[in-house]
Number of protein chains: 2
Amino acid sequence: MPKFVVERIEADPSFKTKAYTALKQAITEMDIYGSKEPIRLDERNLSERLGISRTPIREAMVMLEQEGFVKTLPRRGIRVVRKTKREVVEMIQAWAALESMAARLITKHATDAEIASLFGLFQDFGQDHTPQDHLSEYSSANIAFHQALIALSGSQVLTDMTRNLLLHVRGIRQITIGRDNRAERSIVDHLSIIAALRNRDADLAERLARQHTLDLADYVEAHGDLLD
Amino acid sequence: MPKFVVERIEADPSFKTKAYTALKQAITEMDIYGSKEPIRLDERNLSERLGISRTPIREAMVMLEQEGFVKTLPRRGIRVVRKTKREVVEMIQAWAALESMAARLITKHATDAEIASLFGLFQDFGQDHTPQDHLSEYSSANIAFHQALIALSGSQVLTDMTRNLLLHVRGIRQITIGRDNRAERSIVDHLSIIAALRNRDADLAERLARQHTLDLADYVEAHGDLLD
DNA sequence: TTATGGAATGTGGTATGCCAGATTCCATAA
DNA sequence: TTATGGAATCTGGCATACCACATTCCATAA
């Protein structure tokens, strides 16, 4: 008997969602900490540039504000948020907490193949292609590793809670990664974490993951004076 | 010279904020898991009942949706979200991760007096006033303890990220707390955590805090079939 | 030249109306 | 009685107009 194959029809994302996506991407891709002046967004201006009315833009702005990317001051404009050093440190600490829990969960539920797949995120870097020569590239790969790790936990909640944290920290991370051979040391740490995961050593994996990220927090605490 | 004392004039919260507060309170106070039928919210209905237009209500709804309390289905209504067992377990695990990090931070930065203040949250319960006789009351005190603990970390990020987690788990927690003498055992655990904090034992405090909450996650995993 | 005050402008907050898709209801025909 | 189909209704998405407060600009007077 022949099969009648149909696939579910997806509705186009709403203007609200499209505006949210576009604005969030624009904000996370811009150089927020390069200048000191307030970065202002104007609803009417964005309305014209995006070709939609203010309503869906305002709703997108509500989402971005709740995620900590913008702050609206009534009748005084909307500003892109610059995190203080303290806030960045706290976000990295929260990240460390969530990722260490992810590591613990991985040792209990992930398959060997899944854990092994984490190695694939490193093979692009070797003697001929060292991280310090391709910092931007490595920074992206680095974040990809952490996201892959957390996703392996199988916890959608951990994955979702971490996504924005990593986005907020991204700008800062790209600055610190180039110093003190942090990139190379980072790779060593990552390999140690993977080894612990493979050995199903929950306590060790958790501790290594936590300490690896807390090291970054300490580094930002000590050298992150470009913030504030 | 006499001082001219003035205090800053605060603007009234916007309708958007007021609607958000009112709706969130209404949702978190209702018995979400008591029934099985979808719980629907209607923008126009709420607009009349709150005495404001749909616009600020829609913006409040966007906030609540992002926090996972409601889900709007285009042209099919807005529903209060019922978390699945899996989601609740994941939220409790995330909570465990964040609270254990809070415990670690407390051992490093909190004062002895601050740590001692955690005892104050228990003195209402003793031989004459056992938890099992006042479950609802104890459940609130229990949550208050966890929130106070996390707040002592000094991390606004941890505090904020945990607030909604606790709200989501609250309904479930009030159900589980009454079983298997969980309330009494909970108090014992809490006292152990405080002791570790007082001894500035970061690793122990972290481990106890994590395990205490992960125990709840395991309990819900095993007995939380009222969900789904 | 400088301080003042009010008009003009800018900007987010709110109310309202219309649109289109989804659902419900009911008359109608087999 | 039951299946059909379309009209009526419901409901969130979006556009638009107006409001009030904040800021800016400029004419005016000391």
Side-chain angles (χ1 to χ4, degrees), chain A residues 6-24 26-27 30 35-82, chain B residues 6-24 26-27 30 35-82:
Chain A
V6 290
E7 57 186 32
R8 186 175 184 79
I9 296 174
E10 297 290 342
D12 278 2
S14 61
F15 284 175
K16 167 184 69 177
T17 303
K18 289 181 179 176
Y20 165 77
T21 302
L23 292 174
K24 185 167 181 175
I27 291 173
M30 76 187 304
S35 66
K36 193 85 169 59
E37 305 79 44
I39 303 174
R40 294 186 49 181
L41 301 179
D42 181 84
E43 291 182 359
R44 287 170 175 81
N45 179 7
L46 293 171
S47 170
E48 284 186 18
R49 294 212 274 168
L50 294 177
I52 61 180
S53 77
R54 285 176 58 205
T55 306
I57 289 179
R58 283 183 56 78
E59 292 173 349
M61 219 54 94
V62 168
M63 290 194 270
L64 292 171
E65 175 154 22
Q66 195 157 300
E67 294 181 341
F69 290 104
V70 302
K71 169 82 177 169
T72 87
L73 304 93
R75 288 163 218 104
R76 298 191 54 199
I78 303 171
R79 310 291 168 87
V80 175
V81 171
R82 287 192 180 87
Chain B
V6 290
E7 57 186 32
R8 186 174 184 79
I9 297 175
E10 297 291 341
D12 278 3
S14 61
F15 285 175
K16 168 183 68 177
T17 302
K18 289 181 179 177
Y20 165 77
T21 303
L23 292 174
K24 185 167 181 176
I27 290 174
M30 76 187 303
S35 66
K36 193 82 169 59
E37 304 79 45
I39 303 174
R40 293 187 49 181
L41 302 179
D42 181 84
E43 291 183 359
R44 286 170 175 82
N45 179 7
L46 293 171
S47 170
E48 285 186 17
R49 294 210 275 167
L50 293 177
I52 61 179
S53 77
R54 287 175 56 205
T55 306
I57 289 179
R58 282 182 57 79
E59 293 173 349
M61 220 53 96
V62 168
M63 289 194 271
L64 292 171
E65 175 154 20
Q66 196 157 309
E67 294 181 340
F69 290 104
V70 302
K71 169 83 177 169
T72 87
L73 304 95
R75 287 163 218 104
R76 299 191 54 198
I78 304 171
R79 310 290 169 86
V80 175
V81 170
R82 286 193 181 87

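Chain letters run A, B, ... following the sequence lines, proteins first, then strands; residues in each count from 1. Just so you know, these numbers use all the heavy atoms, side chains as well, and skip hydrogens, waters and symmetry mates.
- In this structure, A:Ile57 places its CD1 atom 9 Å from P of D:dA15, rounding to the nearest Å.
- Between B:Ile78 atom CD1 and C:dA22 atom C1' the separation is 15 Å, expressed in whole Å.
- Protein atom NZ of B:Lys16 is 13 Å distant from nucleotide atom P of C:dA15, rounded to whole Å.
- Nearest nucleotide to the B:Arg58 side chain, out of D:dG12, D:dC18, C:dA15: D:dG12.
- Atom CG of B:Leu46 is separated from atom P of D:dG12 by 9 Å (rounded to the nearest Å).
- No donor-acceptor pair under 3.5 Å is formed between the side chain of A:Ser47 and the backbone N or O of A:Glu43.
- The distance from atom CZ of A:Arg54 to atom C1' of C:dG13 is 8 Å, rounded to the nearest whole Å.
- Rounded to an integer number of Å, the gap from CD of B:Glu48 to P of D:dC10 is 12 Å.
- Looking at heavy-atom distances under 4.0 Å, B:Leu41 makes contact with sugar-phosphate atoms alone, never a base.
- C:dA29 and D:dT2 make up a base pair, with Watson-Crick or G-U wobble contacts both under 3.5 Å.
- Nearest heavy-atom pair across B:Leu64 and B:Lys24 is CD2-CB, 3.8 Å.
- Under the Watson-Crick or G-U wobble criterion, with both distances below 3.5 Å, D:dC21 is paired with C:dG10.
- The base-pairing partner of D:dA8, taking Watson-Crick or G-U wobble contacts with both distances under 3.5 Å, is C:dT23.
- Of all the heavy atoms in A:Lys16 and A:Ala60, the pair that sits closest is O-CB, 3.7 Å.
- Of all nucleotides listed (C:dT11, C:dC19, C:dG13), C:dC19 comes nearest to the side chain of B:Arg44.
- Going from atom CD of B:Glu43 over to atom P of D:dG13 covers 6 Å, rounded to whole Å.
- C:dA15: Watson-Crick or G-U partner is D:dT16, with both key distances under 3.5 Å.
- Summary of the strand contacts: A:Pro74 and B:Gly77 both lie near DNA chain D, and taking for each the nucleotide with the nearest heavy atom, the more 5' one is attributed to B:Gly77.
- Across all strands, A:Ser14 comes closer than 4.0 Å only to sugar-phosphate atoms, never to a base (heavy-atom distances).
- Nearest heavy-atom pair across A:Lys36 and A:Arg82 is O-NH1, 3.6 Å.
- Taking every side-chain heavy atom of B:Thr55 into account, C:dT16 is the closest of D:dC14, C:dT16, C:dG12.
- To the nearest angstrom, P of C:dA15 lies 6 Å from CD1 of B:Ile52.
- For C:dC19, the OP1/OP2 oxygens have no side-chain nitrogen or oxygen of B:Arg75 closer than 4.0 Å.
- Among the atoms of the strands shown, only primed sugar atoms or phosphate atoms (P, OP1, OP2) are found under 4.0 Å from some heavy atom of A:Arg76.
- You'll find the side chain of B:Leu46 reaches within 4.5 Å of the side chain of B:Arg49, heavy atoms only.
- Projected onto DNA chain C by closest heavy-atom contact, B:Gly51 and A:Asp42 fall at different nucleotides, the more 5' of which corresponds to A:Asp42.
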Begin from the C-alpha positions of B:Tyr20 and B:Glu67 and carry the test side chain to side chain donor-acceptor pair (under 3.5 Å) through to its verdict. CA-CA 11 Å; B:Tyr20 165 77; B:Glu67 294 181 340; 2.7 Å; yes
